[in-house]
Trainee: 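Dumping the structure here so I can ask a few things about it.
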Amino acid sequence: MTSIIIAGPRGKMGKEAVHLVHETEEFELAAAVDSRNAGKKLRDLAGMPEETALIYDDMQTCLEETEADVLIDLTTPEAGKKHLELALDYYVRPVVGTTGFSNEDIQRLRQKSEEKEMGAVIAPNFAVGAILMMKLSQMAARYFSDVEIIEMHHDNKLDAPSGTASKTADMINEVRTPKRQGHPDEKEEQTGARGAETDGMRIHSVRLPGLVAHQEVLFGGAGQSLKIRHDSYNRQSFMPGVKLAVESVLQVKTLVYGLENLME
Ligand SMILES: NC(=O)C1=CN([C@@H]2O[C@H](COP(=O)(O)OP(=O)(O)OC[C@H]3O[C@@H](n4cnc5c(N)ncnc54)[C@H](O)[C@@H]3O)[C@@H](O)[C@H]2O)C=CC1
Ligand SMILES: O=C(O)C1=N[C@H](C(=O)O)C[C@H](O)C1
């Protein structure tokens, strides 16, 4: 049985994760960390399953008082970083879906996880289709070095660009012939018109109500273009990936960044 703490249980993703843990025979919910409702049980909150796990409003207290194997964090960039470090301190393996980690953060946290000989997973996207979109984009980037990433999300998202877009850019950069795209003399008449610059490529972030999580990777070459697109229409799309990450984090002794490194 894998005993799990969930941080952010009332959030859009956290709620789905609570249901995933509740419905998975080999998982059990040990506790939850929420920004409110300390002292209540999960089942006391609207829309929650019949779970008696205690709610804490402070990660450190939760870790001190709870026996758990894994922490699933689905909170905010600021809280997620703090929670990941604390989980490693208390020898609880973190599975972090929260986005907003820089490459420097990941490097530092990987070093800590290796010092502790504790597995950790940071997965900016748990949807299998999104992982394939990133891998196919990496494959295409060998042949097309002109690429623009357009990520589209709901308007409650805190971070931009999305974790998925940053990861896609990293994966493309591993294989792409370095190139500064666009006209050498191009000038933004309005700040931001060309999007965020990363190694000469551009990332554009769209935020609109009604959207969930969508991304297009556009490649251009002489007389042709290629578009690779993924859409998540709901948060259930992420749950098989959360389950895989929880199962896998028990088997590794370093920080794994990206679900593609855990998929067969
Ligand atoms: N890896 C993936 O596949 C996915 C990742 N995400 C990421 O997951 C995170 C959460 O996304 P949503 O559920 O859409 O956000 P949300 O805003 O619906 O939920 C976040 C929850 O975290 C709680 N929270 C904030 N600070 C906290 C703290 N210090 N301790 C405990 N709880 C705290 C909030 O009260 C809220 O209930 C974001 O960073 C988002 O980018 C979202 C979807 C998929
Ligand atoms: O905030 C979201 O919703 C999502 N965040 C992740 C990201 O930043 O890439 C994953 C997915 O796109 C949904």
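All ligand and atom numbering here is 1-based and tracks the order in the structure. All values below come from the heavy atoms of this structure, side chains included, with hydrogens, waters and symmetry mates left out.
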Trainee: Heavy atoms only, cut-off 4.0 Å: how does K12 contact ligand 2, side chain, backbone, both, or neither?
Mentor: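 Looking at K12 and ligand 2, no heavy atom falls under 4.0 Å.
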Trainee: Select one of side chain, backbone, both or neither to describe which atoms of H153 lie under 4.0 Å from any atom of ligand 2, heavy atoms only.
Mentor: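 Just the side chain.
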Trainee: Regarding E85 and R108, does a basic nitrogen lie under 4.0 Å from an acidic carboxylate oxygen?
Mentor: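 Yes.
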Trainee: Can you list the ligand 2 atoms lying under 4.0 Å from a non-hydrogen atom of T164?
Mentor: 7 (C), 9 (O), 10 (C), 12 (O)
Trainee: Do H204 and R194 have side chains that approach each other closer than 4.5 Å (heavy atoms only, starting at C-beta)?
Mentor: yes
Trainee: Need the ligand 2 atom indices (1-based, order shown) with element for anything under 4.0 Å from a heavy-atom of A213.
Mentor: 11 (C), 12 (O), 13 (C)
Trainee: Any idea which of H230, K157, Q215, E151 brings a heavy atom closest to atom 1 (O) of ligand 2?
Mentor: K157
Trainee: Considering only heavy atoms, does T99 approach ligand 2 within less than 4.0 Å through its side chain, its backbone, both, or neither?
Mentor: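 Side chain only.
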Trainee: Salt-bridged, E247 to K243, with N to O below 4.0 Å?
Mentor: yes
Trainee: Identify whether the distance between the nearest side-chain nitrogen and carboxylate oxygen of D185 and K187 falls below 4.0 Å.
Mentor: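 Judged by the 4.0 Å cut-off on N to carboxylate O distance, D185 and K187 do not form a salt bridge.
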Trainee: Just checking, any donor-acceptor pair under 3.5 angstrom between side chains of Q215 and T168?
Mentor: yes
Trainee: What do you reckon, does A165 have a nitrogen or oxygen under 3.5 Å from a nitrogen or oxygen of ligand 2?
Mentor: no
Trainee: Quick one: hydrophobic cluster around L109, which other residues, with the 4.5 Å side-chain cut-off, linked directly or via members?
Mentor: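 So far as hydrophobic clustering goes, L109 is joined with L84, L88, Y91, V96, F101, I106, M118, I122, L255, Y257.
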Trainee: In ligand 2, which numbered atoms sit nearer than 4.0 Å to a non-hydrogen atom of H154?
Mentor: 1 (O), 2 (C), 3 (O)
Trainee: Given that the side chain starts at C-beta and the backbone is N, CA, C, O, which of these parts of P124 lies under 4.0 Å from ligand 2, counting heavy atoms, or is it both or neither?
Mentor: backbone
Trainee: Under a plain distance cut-off of 3.5 Å, with no hydrogens placed, do D73 and T98 share a side-chain donor-acceptor pair?
Mentor: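 Indeed, the side chains of T98 and D73 share at least one donor-acceptor pair under 3.5 Å.
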Trainee: As an exercise, identify every atom of ligand 2 less than 4.0 angstrom from a heavy atom of N125.
Mentor: 10 (C), 11 (C), 12 (O)
Trainee: Give a yes or no on whether E78 atom CD has more than 12 heavy-atom contacts from other residues, nucleotides or ligands under 6.0 Å away.
Mentor: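 It does not: E78 CD has 12 such atoms or fewer within range.
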Trainee: So do the side chains of V33 and T75 get within less than 4.5 Å of each other, counting heavy atoms only?
Mentor: no
Trainee: Measure from atom 7 (C) of ligand 2 to every heavy atom in A130, G163, S166 and give the option owning the shortest one.
Mentor: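 Heavy atom nearest to atom 7 (C) of ligand 2 belongs to G163.
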Trainee: Collect the protein residues that have a non-hydrogen atom under 4.0 Å from ligand 1 and hand them over in chain and number order.
Mentor: G8, R10, G11, K12, M13, V33, D34, S35, L74, T75, T76, A79, H83, G97, T98, T99, A123, P124, N125, F126, K157, D159, F238
Trainee: Quick one: which of H19, H22, K41 gives a side-chain hydrogen bond (donor to acceptor under 3.5 Å, both in side chains) with E51?
Mentor: H22
Trainee: Please indicate whether E188 has more than 12 foreign heavy atoms, meaning atoms of other residues, nucleotides or ligands, lying under 6.0 Å from its CD.
Mentor: yes
